[in-house]
Amino acid sequence: MPELPEVETIRRLVERHLVGRALETVEVRLPKLLRDSPFPSLDPLLGRSITGARRRAKILIVDWSGDLSLLVHFKLSGQLAIEHAGTDRVVAGHPVPDPHGPYPHRATHVIFGFAGGNTVYFSDVRQFGWLRLMPTARAEEVVESFGFGPEAVGHDSIELHDMAARLARRRIAIKTALLNQQVMAGLGNIYVDEALHRAAIHPGRPANLLRPAELVRLHAAISWSLERGIEQGGAKIVHNRAYPKDGFPQVHGRAGEPCVTCSAPITKIRVGARGTYFCHRCQPA
DNA sequence: TGCGTTGTTTCACC
DNA sequence: CGGTGAAACAACGC
């Protein structure tokens with residue numbers, strides 16, 4: 001579930017709470033999460049400090065002293081919790097395990113202990129996420145090798161004409177095109193639905209057939225939905241239902257609930273084998 | 001208990 | 001080579 005806004009929220013937490021902290025202990029309870037990691041263990045981080053946290057697409061890049069970088073992908077259900085002195089806790093990413101419940105949880109797979117009393121818990125119910133440790137120079141190459149398109153939001157995000165050009169050569173459903181990280185980077189199933197609803201575009205429309213006015217609306221709607229998500233610290237979807245009951249996300253996870261624009265009930269369909277929510281009145285085929 | 005779940009990769013094919 | 005569409009995969013909850 002973590003898409004760009006959730007990963008960006010985690011990045012900001014790492015930046016705010018952990019930069020300059022030295023790592024004293026690390027426990028990897030589920031080593032398979034390090035699959036494909038150039039360094040097969042996180043022990044090389046012991047004694048080193050976090051120098052910064054970056055993000056590219058949905059990948060978190062944590063930079064450490066000694067020119068090491070830890071790449072983290074949260075996939076469907078990754079979550080990071082940062083606790084200070086066993087009391088104050090900030091949590092971002094997937095809403096399970098319960099941010100207010102006890103840690104470590106049985107889905108907690110990595111525990112970092114920092115000087116100064118910070119404990120960090122990486123949890124992942126589905127275990128689809130991964131961590132990869134490598135020299136920073138190699139991290140740049142690895143991130144590059146993913147071939148991500150421009151960022152979907154932010155100061156250097158994709159420009160309208162670039163987005164239009166990239167969509168013009170795809171005949172697939174606009175939703176499917178926007179989920180492709182090589183077209184643009186950061187959108188996932190939740191924010192795509194939000195952006196298309198905001199732009200009043202049916203998710204199944206062929207990407208190359210959008211009219212200029214629709215492209216303008218879509219470009220603005222993508223930034224809007226991702227910014228709303230970041231503002232809110234991420235989206236909360238539990239058992240296919242959106243929370244809070246009235247709020248953002250406005251369509252994803254709200255089958256049967258009234259459209260915020262026209263009050264017609266939100267419909268759930270499948271587009272490219274993905275659960276897709278939209279308003280049949282605001283987003284005509 | 002088999003299906004749904006999502007981000008991503010892989011594959012055959014045009 | 002690049003776009004397409006389908007299938008596969010990760011593992012768990014319901």
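Chain naming here is simple, since letters A, B, ... match the order of the sequence lines and numbering starts at 1 in each. Side chains included, hydrogens not; waters and symmetry mates left out as well; all remaining heavy atoms used.
Closest to the side chain of A:K75, from the set B:dT8, C:dG3, B:dG4, is B:dT8.
Rounded to a whole Å, the CD1 atom of A:I172 is 5 Å from the P atom of C:dT4.
Within 4.0 Å (heavy atoms only), A:R35 reaches no atom of the nucleic acid at all. Among the atoms of the strands shown, only primed sugar atoms or phosphate atoms (P, OP1, OP2) are found under 4.0 Å from some heavy atom of A:R106. Residue contacts shown for A:F146 are limited to sugar-phosphate atoms, with no base heavy atom under 4.0 Å away. Within 4.0 Å (heavy atoms only), A:K175 reaches no atom of the nucleic acid at all.
Remark: side-chain polar atoms of A:Q181 are paired, donor with acceptor, to backbone N or O of A:L187 under 3.5 angstrom. The backbone N or O of A:S157 sits nowhere less than 3.5 Å from a side-chain atom of A:E151 that would complete a donor-acceptor pair. Under the 3.5 Å distance criterion, the side-chain polar atoms of A:H219 are matched with a main-chain donor or acceptor of A:I158.
Under the 4.5 Å side-chain criterion, counting only non-hydrogen atoms from C-beta, A:H202 is in contact with A:I269.
Contact annotation: side chain of A:R274 to base of B:dT8, donor-acceptor pair present below 3.5 Å.
Side-chain contact annotation: A:S77 with A:D124, donor-acceptor N/O pair under 3.5 Å present.
Rotation axes derived from the C1' atoms of the five outermost pairs at either end of the helix from B:dG2-C:dC14 to B:dC14-C:dG2 lie 40° apart, to the nearest 10°.
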